[in-house]
Amino acid sequence: MPVLDLWSMAFVFLLATFVGFQVIQNVSRLLHTPLMSLTNAISAIAVVGSIIIAGEEKTTFSTILGTVAVAASMTNIVSGFLITDRMLKMFRQRRPPS
Amino acid sequence: MPVLDLWSMAFVFLLATFVGFQVIQNVSRLLHTPLMSLTNAISAIAVVGSIIIAGEEKTTFSTILGTVAVAASMTNIVSGFLITDRMLKMFRQRRPPS
Amino acid sequence: MSPAEHLTQASYLAAAALFILSLRWLSDPKTARRGVSAGVAGMAAAIVGTLLHPDIVNYTWIIVAFVVGTAIGVPLSRVPLTAVPQRTALSHAFGGLAAGLVGTAKYSLWLQSGELTTFRMAAIGIEVILGYVTFTGSLMAAGKLMEIVPTRPMTYRGQNVVNLGLLAIAAGAAVLLLFRPGSWQLFPAIIVLSLLFGVLLIMPIGGADMPTVISLLNAYAGLSAVAMGFVLENKVLITAGALDGSSGLILSIIMCRAMNRSFTNVLFGAFGQVQASAAGGEARTVKSGTARDAADLLENASKVVIVPGYGMAVAQAQHRVKEIYDQLTKRGIDVKFAIHPVAGRMPGHMNVLLAEADLPYDALIEMDEINRDLPQTDVVLVVGANDVVNPAARHDAKSPIYGMPIIDADRAKFVIANKRSMNPGFAGIDNELYYADNTLMIFGDAKAVLGDVVKVLAGDATP
Amino acid sequence: MSPAEHLTQASYLAAAALFILSLRWLSDPKTARRGVSAGVAGMAAAIVGTLLHPDIVNYTWIIVAFVVGTAIGVPLSRVPLTAVPQRTALSHAFGGLAAGLVGTAKYSLWLQSGELTTFRMAAIGIEVILGYVTFTGSLMAAGKLMEIVPTRPMTYRGQNVVNLGLLAIAAGAAVLLLFRPGSWQLFPAIIVLSLLFGVLLIMPIGGADMPTVISLLNAYAGLSAVAMGFVLENKVLITAGALDGSSGLILSIIMCRAMNRSFTNVLFGAFGQVQASAAGGEARTVKSGTARDAADLLENASKVVIVPGYGMAVAQAQHRVKEIYDQLTKRGIDVKFAIHPVAGRMPGHMNVLLAEADLPYDALIEMDEINRDLPQTDVVLVVGANDVVNPAARHDAKSPIYGMPIIDADRAKFVIANKRSMNPGFAGIDNELYYADNTLMIFGDAKAVLGDVVKVLAGDATP
Ligand SMILES: NC(=O)c1ccc[n+]([C@@H]2O[C@H](COP(=O)([O-])OP(=O)(O)OC[C@H]3O[C@@H](n4cnc5c(N)ncnc54)[C@H](OP(=O)(O)O)[C@@H]3O)[C@@H](O)[C@H]2O)c1
Ligand SMILES: NC(=O)c1ccc[n+]([C@@H]2O[C@H](COP(=O)([O-])OP(=O)(O)OC[C@H]3O[C@@H](n4cnc5c(N)ncnc54)[C@H](OP(=O)(O)O)[C@@H]3O)[C@@H](O)[C@H]2O)c1
């Protein structure tokens with residue numbers, strides 16, 4: 001891990017929040033339900049943190065917590081992406097677009 | 001200065017570019033000329049780099065370059081903001097908004 | 001930094017970019033599915049990048065966890081669309097749990113290795129509190145939606161004081177830890193208090209308010225991911241958390257606006273109670289008819305607008321609606337759907353259901369646009385919608401939904417309304433639309449009733 | 001980190017947020033001026049935050065530079081609006097210079113202190129090359145716009161080869177420095193080559209293409225600021241640079257699209273030459289009239305659209321246009337303005353000029369929208385516009401502007417066109433609109449001609 005840099009993380013947070021608001025506001029209302037499940041899946045990126053804790057095996061305690069955390073995140077990743085795609089598959093345009 | 005963190009800077013660049021594109025695309029066409037001068041002024045933030053070089057007085061060479069750089073940036077800041085405001089002052093809506 | 005670490009970091013950068021693109025592509029149904037692929041790609045990149053990390057000495061548990069997660073995840077993705085709100089609540093719970101556990105683990109590790117800086121302690125505190133609150137809060141929300149937990153608001157005097165008090169203590173303990181990170185006994189206390197607060201926070205909120213609450217919990221989950229990012233100094237986590245958080249916040253704002261209510265009102269208003277009080281409206285007469293009457297009216301119209309609501313969702317009647325749409329369009333009748341932003345129980349609820357029934361999304365018109373056409377519409381068919389077509393929102397200043405934008409079904413020439421009884425809807429109030437002279441009520445379960453209408457239209461059998 | 005440094009960093013964070021808000025507020029004229037205040041606030045915060053920096057031992061030179069910069073900046077902000085492109089070019093030059101100088105200074109300092117890591121060297125290389133190229137390139141562009149430098153494209157065989165060769169050598173030298181940072185002799189070489197390349201890059205480009213080039217240089221300036229941010233590990237610099245860069249890129253893309261040309265065509269196409277060749281069109285007859293004829297036509301119309309172009313800008317005729325607008329609206333005639341995205345010589349050129357003449361911006365209609373009204377328009381008044389109303393763009397596949405979206409003035413019932421002669425405009429091609437039967441030409445300088453029209457309309461004197 002790079003050396004702690006509080007301020008660059010604050011910058012990332014600030015900018016990501018701006019991106020988030022702009023991007024989300026442009027999401028078509030039609031797709032607000034899929035949006036919920038997609039952001040779910042994406043924020044399960046938390047898995048990367050848990051993986052290291054589960055894998056570095058520093059203490060039994062941390063390994064257990066890490067493993068459970070990985071499982072929890074993995075659940076969100078799998079179900080989140082699958083259900084989003086399942087919903088999106090259903091959206092189609094009128095054949096002869098009027 | 002914080003310790004060099006290449007990757008956090010890359011993150012900042014990535015996110016700022018996304019923000020930039022989204023923000024600029026939303027700028028009203030009406031205001032594209034003011035936009036040019038405003039971004040000018042903003043990118044003159046480079047002044048912060050030059051200020052330190054001019055102020056730390058490590059070598060005469062660096063001090064001279066730094067001073068010239070500060071002057072150049074300051075020119076952009078002053079003229080950029082002033083002319084933008086001057087232009088924007090002129091935009092007004094029809095009195096009885098139709 | 002070792003080359004491996006550079007690779008990891010690069011994968012995180014790529015992941016962040018892909019996640020943003022993924023959400024951008026969701027702005028249009030045409031590109032939406034590409035968005036999912038981008039999301040998957042980003043996730044894969046980040047995971048692979050992490051597995052390369054030198055600190056990892058043993059992959060067994062990771063693989064076990066992957067298998068378990070997948071085993072739970074796949075069935076969870078197969079739930080019927082009406083259960084989507086529950087699923088979302090559950091996944092927030094998992095997200096919160098993960099954040100809480102990682103924070104706990106990190107605390108224990110850094111406590112031993114003595115690397116527990118004040119900044120790290122602060123970040124962990126925020127992560128853990130948000131994480132565990134989201135965990136139990138979301139479980140409660142899911143429980144209420146699945147009606148495992150009693151859905152009616154459970155309230156008692158001074159409740160808000162107690163709740164906020166608990167939160168304050170938890171936060172206080174965290175602050176204390178900043179100064180004496182050694183006194184680890186405080187940590188379990190924080191965990192327990194947070195878990196408890198999560199439960200108590202949701203208890204007083206009516207089951208029907210859960211969708212809004214879920215979106216709020218979504219924002220919390222995002223924030224806890226951000227805090228986790230600060231703890232682990234992981235920028236892609238901060239980015240994804242911020243994206244998640246803003247989405248949760250924006251959706252809950254949209255819902256509150258469309259319901260014309262404030263956050264505080266949703267969180268502390270114990271709204272569901274209104275139901276009890278306002279339910280019984282004085283008995284006025286309504287015109288009630290049969291499926292055949294409805295079919296005749298529809299057949300002889302030239303412009304029809306269908307207003308679906310929560311009732312269509314619970315009755316799973318979207319496929320019948322599609323058949324009616326086909327029957328009418330076959331006759332050259334112009335049929336449109338009026339989609340209210342908060343029709344149903346989650347944002348975009350009607351859109352997914354109708355899409356599931358294979359209806360073209362360009363036939364689904366948003367409220368403001370359809371309201372312009374309604375005065376020229378011959379027949380409006382209301383399918384299990386109630387509050388979103390209640391004219392009281394326009395003129396009755398005393399009504400709890402006064403000011404909420406609605407679909408002006410009452411301005412059409414004729415209205416056919418289907419529901420099972422005269423019971424009120426979500427807001428628990430009477431709807432004068434049903435008593436209007438130009439309204440015909442068809443009582444019964446939406447699926448059954450519309451099924452009969454289709455039969456008549458199809459010309460076979462006569463119910 | 002010392003408290004002072006934390007303060008500095010906090011000020012940078014605030015500045016970044018304010019800069020983004022500043023540009024967001026530019027999305028609507030109503031909030032635009034707040035945008036400027038936000039920008040100023042952000043800049044002030046960042047500067048103050050920097051002045052607190054512990055490394056600063058002496059403020060004399062900083063203050064001197066502030067004074068000098070302000071002394072140059074204030075007059076530069078007072079230029080007439082027609083000179084805005086030049087001013088923009090100049091400020092890019094200053095920006096590039098600053099980047100170049102800082103890079104040079106940092107190189108010399110780190111070379112002595114031995115802190116010159118490979119990464120830093122790479123960043124400096126990019127910063128310095130981009131910086132100095134932008135510097136001389138923008139000066140050349142400004143020179144061509146001020147017509148100090150000959151505006152016609154200066155070309156010779158193998159020019160592009162030579163230019164790109166120079167750039168390659170400069171880049172090569174920079175790469176070499178990565179491996180032997182010690183051999184400082186390479187550094188001045190890079191500087192000289194970059195300066196030279198900047199000049200040669202612009203030479204072959206026609207003066208009329210400068211607006212597009214300026215926007216491209218804007219993108220370069222932004223990128224050099226980003227590189228500088230990487231050198232100084234300064235995130236607000238990276239942010240601001242990225243904002244500047246994307247704005248430059250987007251504007252140049254808009255211009256190229258609206259001119260239906262590619263970047264490469266602009267940069268290496270030596271477009272201006274077409275002027276020479278295509279200028280002389282075979283002499284067909286045109287109907288030419290007086291200010292009085294124009295006035296009569298306008299008075300008797302009920303729907304008038306005014307199409308301003310570059311000619312109005314050079315003639316400074318926007319105030320006469322306003323008087324005509326007032327005269328006609330006074331008579332109850334509906335007057336609108338058709339604004340082509342690249343009318344004039346910079347994006348939004350017409351909007352600022354007409355705003356300067358105090359015309360309400362909601363009377364300025366964008367191309368696509370006005371094109372729908374034009375067939376129902378009685379009289380179109382073309383003021384010094386040419387290419388943007390040239391129907392050849394619609395049907396003449398051989399025309400250099402074929403495919404460029406235009407304002408369909410020719411579809412109106414009647415057209416009045418004012419220009420000084422039958423000379424072509426920017427694209428250097430003939431315009432059949434002027435030869436159409438329903439077109440009346442009024443020759444002469446826009447300011448004078450429209451002045452006469454106003455006189456007639458105002459009823460006093462008869463030219
Ligand atoms: N969408 C969101 O994001 C969201 C979030 C939070 C709250 N809400 C709230 O939810 C409400 C949505 O309005 P809405 O009009 O869609 O629904 P509603 O107002 O809740 O009314 C639904 C109606 O459907 C009828 N119904 C129930 N089951 C049925 C069945 N099987 N067949 C036929 N009819 C049936 C019910 O009447 P019977 O019992 O007589 O059949 C009920 O009156 C709004 O008040 C909104 O504020 C929405
Ligand atoms: N806006 C941008 O960002 C931008 C950027 C790059 C290129 N361009 C190009 O610039 C052109 C803009 O089109 P445009 O129609 O606005 O201008 P134009 O095509 O350049 O035509 C301007 C016309 O104004 C006339 N004129 C010049 N001085 C005049 C005066 N004092 N009084 C009256 N008329 C005068 C000229 O004819 P006479 O000489 O006969 O008077 C000329 O034909 C497009 O080709 C566009 O691609 C625009």
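As a basis for the values below, the full set of heavy atoms in this structure was taken, side chains included, without hydrogen atoms, waters or symmetry mates. Lettering follows sequence order; numbering is per chain, from 1.
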Point-to-point distance, once rounded to the nearest 0.5 Å, from CD1 of C:I253 to OG of C:S215: 10.5 Å
For the residue pair [X] and [Y], what are the closest heavy atoms and their distance?
X	Y	result
C:I56	C:T50	CD1-O, 3.4 Å
C:E115	C:R120	O-NH1, 3.0 Å
C:L18	C:A38	CB-O, 3.6 Å

Between C:S113, C:A225, C:G35, C:A105, who has the most heavy-atom pairs with chain A when the cutoff is under 4.5 Å? C:A105
So which residue, C:L359, C:V68, C:L109, C:I20, ends up with the most heavy-atom pairs under 4.5 Å with chain A? C:L109
Between [X] and chain C, with a heavy-atom cut-off of 4.5 Å, which part of the residue counts as in contact: side chain, backbone, both or neither?
X	answer
A:I53	side chain
A:L30	both
A:V47	side chain
A:A46	both
A:Q25	both
A:I51	both
A:F21	both
A:R86	side chain

Please output the side-chain donor-acceptor pairs of residues 70-83 of chain C that fall under 3.5 Å, not counting sequence neighbours, one pair per line with the distance.
unit_1: C:T70; atom_1: OG1; unit_2: C:F66; atom_2: O; d: 2.6
unit_1: C:S77; atom_1: OG; unit_2: C:V74; atom_2: O; d: 2.6

Counting only heavy atoms closer than 4.5 Å, note whether [X] contacts chain A via side chain, backbone, both or neither.
X	answer
C:I214	neither
C:V36	both
C:P85	neither
C:T8	neither
C:I250	side chain
C:N58	both

Less than 4.5 Å apart, side chain to side chain, heavy atoms only: is that true for C:V236 and C:F19? yes
Which donor-acceptor pairs under 3.5 Å do side chains of residues 349-357 of chain C form with protein atoms, sequence neighbours excluded?
unit_1: C:H349; atom_1: ND1; unit_2: C:R345; atom_2: N; d: 2.9
unit_1: C:E356; atom_1: OE1; unit_2: C:Q318; atom_2: NE2; d: 2.7

Answer yes or no: are there more than 12 heavy-atom neighbours, outside C:W25 itself, under 6.0 Å from its atom CH2? yes
Would you say the side-chain atoms of C:S246 pair up with the backbone N or O of C:A242, donor to acceptor, closer than 3.5 Å? yes
Can you list, pair by pair, the side-chain donor-acceptor contacts under 3.5 Å of residues 90-101 of chain C, counting residues two or more places apart and other chains?
unit_1: C:S91; atom_1: OG; unit_2: A:N40; atom_2: OD1; d: 2.3
unit_1: C:S91; atom_1: OG; unit_2: C:T88; atom_2: O; d: 2.8
unit_1: C:H92; atom_1: ND1; unit_2: A:N40; atom_2: ND2; d: 3.4

Quick check: under 4.5 Å, non-hydrogen atoms only, which of residues 41-49 of chain C neighbour chain A? C:M43, C:A46, C:I47
